[in-house]
Novice: 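Structure in structure tokens, see below.
Reminder, nothing fancy here: chain letters follow the sequence lines and each chain counts from 1.
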Amino acid sequence: MSKKTPAINSSSTADIAFLLLCYFLMTTTMGTQMGLSRRLPPIPDQNQKVEDQKVNQRNIIIVKVNSSDRIFAGNEPIDVSFLKDKIKEFVSNPSDNPSLPEKEMKEIEGLGQYPVSKGVISLQNDRGTSYKAYIAVQNELVKAINELRDELSMSRFGKKFASLDEDTQDIVKKAIPQNISEAEPKNVGKK
Amino acid sequence: MSKFKQEDKKEVPAITSSSLSDIVFMLLFFFMVTTQLRETENKVMVKIPQASESVKLERKDLAAHINIGTPIRSLQAQFGTDARIQLNDSFKTVQDIGNYIAAERDSKSEADRPFMTVNIKADQDVRMGIITEVKQELRKCSALKIMYSSRKAE
């Protein structure tokens, strides 16, 4: 007669599995990539004559970041913390100031007549500008546009822009477009 | 009456924990399957800048990554400390971006190609000169949808 083999105690397999589980939990990166989304302008056609886009002087604001990370907005030095308000004022032009961009009445589906600003923000940088300063400026520009969109969404739809559904977001985007142009690189102030 | 007394004395049977390991194994397999190990090794040090308006990258599977930064310490003897561009897992020059984008584009399905995003992961201390060159190169191969990788500021 063979002896009955004693059952192997399996209560610790759970612990082993837990250890493995913890390892995978720790090493898994649920990393969501975040960033600022941009669209580059297409390269101009070689055959096509480069004609200067006639943009009315009042409709453009030039934001420059120089090699020592100083910011100039419309030819005057400005701190990065004031840039947002300056851009907001530029785009919205609340008092119809003749030196700020003109607006064009546009029929937008779902919103009716809305004065759409023709303002364009032109961002220029130097080769020596640090990436950090560049992103900080980009961020302020996006923030200005986002705040304006939020304000419009709150007054018209009673919700923040981010919590609107996609169609409504498109309407708001049409009313307040994000016109940021990244200029052709220029070699200014070589190091 | 004695009947009841006998039942009171009965011990509560121990809960079998043998199936616990099965449950944990199931969880384990789930994580093992969903974990994707990073296929490219970072050869540049990248500390991405902060930006409060960061948005999530849509369609992560359709992104092509360009890393820009100084080489990691162990490679500095070989490659120096100047900012370099890393594509896939080797150092490349700006001129190679065109081929890289073409290869990335080919690897995506036809319907998804217009939605391909180029994710520029650059160190916050690199100079804009190299990034402008990269941007110009991307424009040349008409990969216009780009994203500046950034951290959400707390």
Side-chain angles (χ1 to χ4, degrees), chain A residues 7 9-25 27-44 65 67 69 125-136 138-147 162 182-187 190-191, chain B residues 17-25 27-28 30-32 34-38 47-58 60 63 65 68 83 117-133 135-136 138-140 142-153:
Chain A
N9 188 359
S10 64
S11 60
S12 55
T13 47
D15 299 341
I16 297 162
F18 262 122
L19 273 176
L20 276 168
L21 178 63
C22 287
Y23 169 73
F24 275 95
L25 271 171
T27 53
T28 306
T29 45
M30 288 283 181
T32 44
Q33 298 275 349
M34 308 274 281
L36 300 172
S37 214
R38 273 281 165 285
R39 241 197 128 70
L40 295 172
I43 218 139
V65 193
S67 55
D69 295 350
N125 66 272
D126 189 81
R127 283 190 65 88
T129 308
S130 83
Y131 186 60
K132 191 182 179 183
Y134 182 73
I135 288 297
Q138 285 266 18
N139 188 43
E140 289 306 306
L141 301 183
V142 178
K143 202 191 236 169
I145 301 286
N146 281 355
E147 279 187 15
E182 290 168 38
E184 298 278 336
K186 280 177 196 149
N187 255 331
K190 265 187 195 164
K191 262 196 159 179
Chain B
S17 60
S18 58
S19 55
L20 182 64
S21 62
D22 298 342
I23 296 164
V24 177
F25 267 119
L27 271 170
L28 178 64
F30 170 75
F31 276 97
M32 278 174 72
T34 53
T35 305
Q36 23 174 266
L37 296 172
R38 210 191 349 231
K47 188 164 185 277
I48 52 178
Q50 273 193 349
S52 60
E53 305 299 308
S54 307
V55 286
K56 246 191 218 160
L57 171 60
E58 305 284 338
K60 224 201 277 182
H65 300 276
I68 304 166
T117 313
V118 180
N119 187 17
I120 300 177
K121 272 175 139 179
D123 190 87
Q124 58 184 8
D125 293 325
V126 299
R127 299 281 137 188
M128 279 306 291
I130 190 166
I131 291 169
T132 311
E133 278 165 22
K135 265 160 61 183
Q136 282 301 100
L138 288 176
R139 283 176 70 191
K140 269 185 210 154
S142 56
L144 301 176
K145 238 174 117 131
I146 61 162
M147 186 153 204
Y148 299 111
S149 202
S150 61
R151 276 175 299 141
K152 189 122 189 160

Novice: How close do A:I135 and B:P49 get, heavy atom to heavy atom, and via which atoms?
Specialist: CG1-CG, 3.7 Å

Novice: For chain A, which of B:K47, B:K145, B:M147, B:K140 has the most heavy-atom pairs under 4.5 Å?
Specialist: B:M147

Novice: Identify the two heavy atoms, one from A:G35 and one from B:S150, that lie closest to each other, and give their separation to 0.1 Å.
Specialist: CA-OG, 3.4 Å

Novice: At a 4.5 Å cut-off on heavy atoms, which part of A:F18 comes close to chain B: side chain, backbone, both, or neither?
Specialist: both

Novice: Between chain A and each of B:I131, B:I130, B:I120, B:L138, count heavy-atom pairs under 4.5 Å; write down the option with the most.
Specialist: B:I131

Novice: Over all heavy atoms of both residues, which pair between A:D126 and B:M128 is shortest? Give the atoms and the distance, please.
Specialist: O-CB, 3.4 Å

Novice: Between A:C22, A:A17, A:A133, which has the largest tally of heavy atom pairs under 4.5 Å with chain B?
Specialist: A:A17

Novice: Is it the side chain or the backbone of B:N119 that comes within 4.5 Å of chain A heavy atoms, both, or neither?
Specialist: side chain

Novice: Once rounded to the nearest 0.5 Å, what's the spacing between atom CD1 of B:I48 and atom OH of A:Y131?
Specialist: 8.5 Å

Novice: A:D15, A:T129, A:L20: which one forms the most heavy-atom pairs within less than 4.5 Å of chain B?
Specialist: A:T129

Novice: Side chain from CB out, backbone as N, CA, C, O: work out which of these in B:A143 comes under 4.5 Å of a heavy atom of chain A, or both, or neither.
Specialist: backbone

Novice: Which answer fits A:E140, side chain, backbone, both or neither, if we ask what part of it has an atom under 4.5 Å from a heavy atom of chain B?
Specialist: neither

Novice: Give me the atom names and distance for the closest heavy-atom approach of B:E53 to A:V142.
Specialist: CB-CG1, 3.9 Å

Novice: Atom CZ in A:R38, atom CD1 in B:I146: separation rounded to 0.5 Å?
Specialist: 8.0 Å

Novice: Pick one of side chain, backbone, both or neither for B:S52, based on which atoms fall under 4.5 Å of a heavy atom in chain A.
Specialist: both

Novice: With rounding to the nearest 0.5 Å, note down the distance linking CG in B:L28 to CG in A:L19.
Specialist: 10.5 Å

Novice: How long is the straight-line distance from NZ of A:K132 back to CZ of B:R127, given to the nearest 0.5 Å?
Specialist: 11.0 Å

Novice: Of all heavy-atom pairs between B:V24 and A:L21, which one has the smallest distance, and what is that distance?
Specialist: CG1-CD2, 4.2 Å

Novice: Could you tell me the separation between the OG atom of B:S54 and the CG atom of A:N139, rounded to the nearest 0.5 Å?
Specialist: 6.5 Å

Novice: Tell me, do A:L40 and B:K135 make a side-chain contact under 4.5 Å, heavy atoms counted?
Specialist: yes

